[in-house]
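It should be emphasised that the depicted structure is a prediction, and the values quoted were computed from it without experimental measurement. Atoms considered below: every heavy atom in the structure, side chains included; atoms not considered: hydrogens, waters and symmetry mates. To find a chain, count down the sequence lines: A is the first, B the second, and so on, and within it residues start at 1.
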Protein chains: 2
Amino acid sequence: MSWKVTLKVSQSKKSVKSKKQTKRKRLSREEREKQIISEAVRYFSEVGFGGQTRELARRLGISQSLLFRYFPTKDDIIKRVYEEVYLSRWKPEWETLLSDRSRPLSDRLNQFYHEYTAAIFEFEWVRILVFSGIKGVTLYQQYIELVHDKILDRICTELRATHNLPDPGKVPLTERETDLAWNFHGGIFYIAIRKFIYGSETREDFTAAIEDSISVFLAGVPSVFKSILKK
Amino acid sequence: MSWKVTLKVSQSKKSVKSKKQTKRKRLSREEREKQIISEAVRYFSEVGFGGQTRELARRLGISQSLLFRYFPTKDDIIKRVYEEVYLSRWKPEWETLLSDRSRPLSDRLNQFYHEYTAAIFEFEWVRILVFSGIKGVTLYQQYIELVHDKILDRICTELRATHNLPDPGKVPLTERETDLAWNFHGGIFYIAIRKFIYGSETREDFTAAIEDSISVFLAGVPSVFKSILKK
DNA sequence: TACTAAAGTGATCAAACGATCAATAAGGAA
DNA sequence: TTCCTTATTGATCGTTTGATCACTTTAGTA
């Protein structure tokens, strides 16, 4: 028979937590739930969804069993983590911004990607997005669709307008045009992958890189348009 | 007490395995090792490195304990999987191809990315690369360095030559130039991520998309070079 | 202050999983 | 055929981990 000796450290004085949790611990249902999700986002984005509920509880300073008083299963926690991370990041004003033809497309793209990457280029966000792809969770599909419908389609539409080509309402977008936009967007998003997944990118500010990327894109697109129109 | 009933299916006739493993099972050390790694690559790329040794053994049609006669720990299997997947994919002739100034840069890039993506755009390869980033394994660093040193640096060098700018040997490459190349490369690689990580891309052939991507890049780069030279 | 609804906990279960080991059996050598 | 090396196996160990449950503690209220 083996004995596991657990060292019981006295916590009578003060908790070491940075939160205002001095000596009370009993929180309201809503507060505790929020707290759990918030820490779960941080935790799972660090270690992946293989992370253990015990460690999550330890970080929260609560017992592991309490987690299961709030969420029936671990997967339910993960589901909520997705929702938390995906939702409420997209700003509707970006859609009008991209379509505002009173400004040069170059300006609009620069402002959009500046704000967009500021909202998205975050450790938790990027990693959880990639994890979701690996886990085969369907939620990422919503993200891909959002990018496609709200960003890429708009960019393609504006490119048409800039080059005095017919609106997609009249002549539907071709696969080649969408590919171009994906390629452009992917190049920018790949910065985030290098940074948060591979850790090979240590810079904080990518304004210059994004600016140049937009510059190359806008200057290079006409060459493909010419090739498309030849057919 | 609970009993786990294991259904023992008679395998007297023929094994269902596609391999030539009819009734014999005893393989040589080398053969078995190869077989294990080969299946491990397939298995772990599907389910991630959280996959279980029991399931891996089941797929191989061997006992789980045999795995540990060939590899001390599960991590050793994973290490070998990395090596198998990363190594021997890079073709040295690509380096000379990219630098062959007797051909237009456009041709060279098209041929290179055509062959490169043919070698790399593979379910196992892409997923294991991404897993390695998540697991924090250091081996991915080698890949990032390879891309940087053998591809991006070369592309930047050739761009200089195309635009009659000084060789990097004289004037070192700037961060902006490297960023441009990363951006270009990332846009192409992001196709693979959409396909194998998110499953949102179902096409098989990306020749056209890559062609257009190269076209945009080469036509767009001068606009940035101008901006760099102004300073 | 006493009561009570509900937040919170510790002990524990059962399954999953990596790893070990004594026993088995395949197949080449003699 | 017999023998012996070694590939292979089944049983099992010890730990980890998600989940459960009876019990304890907190804090608002009458």
Would you call B/Glu39 and B/Arg42 a salt bridge, using N to O less than 4.0 angstrom? yes
Between atom CD in A/Gln64 and atom P in D/dG18, what is the gap in whole Å? 7 Å
Under the side chain to side chain donor-acceptor pair (under 3.5 Å) test, which residues partner B/Trp94, sequence neighbours left out? B/Glu115
Can a donor-acceptor pair under 3.5 Å be found between the side-chain atoms of A/Ser63 and the base atoms of C/dG10? no
Tell me, please, which residues at least two apart from B/Glu175 pass salt bridge (Lys or Arg N to Asp or Glu O under 4.0 Å). A/Arg203
Go through the N and O atoms of the side chain of B/Gln52 and the base of C/dA16, and report whether any donor-acceptor pair is under 3.5 Å. no
What does nucleotides 2-7 of chain D look like as a protein-contact string, B for base, S for sugar-phosphate only, - for none, at under 4.0 angstrom between heavy atoms? ---BBB
Pairing residues for B/Glu30 by the salt bridge (Lys or Arg N to Asp or Glu O under 4.0 Å) criterion, not counting sequence neighbours: none
Counting just side-chain N and O atoms, does B/Ser65 come under 4.0 Å of either OP1 or OP2 of D/dT9? no
A/Ile62 CD1 - C/dT9 P separation (whole Å): 7 Å
Applying salt bridge (Lys or Arg N to Asp or Glu O under 4.0 Å) to A/Glu33 and not counting sequence neighbours gives A/Arg80
Could you list the residues that satisfy side chain to side chain donor-acceptor pair (under 3.5 Å) with A/Ser215, not counting sequence neighbours? B/Ser223
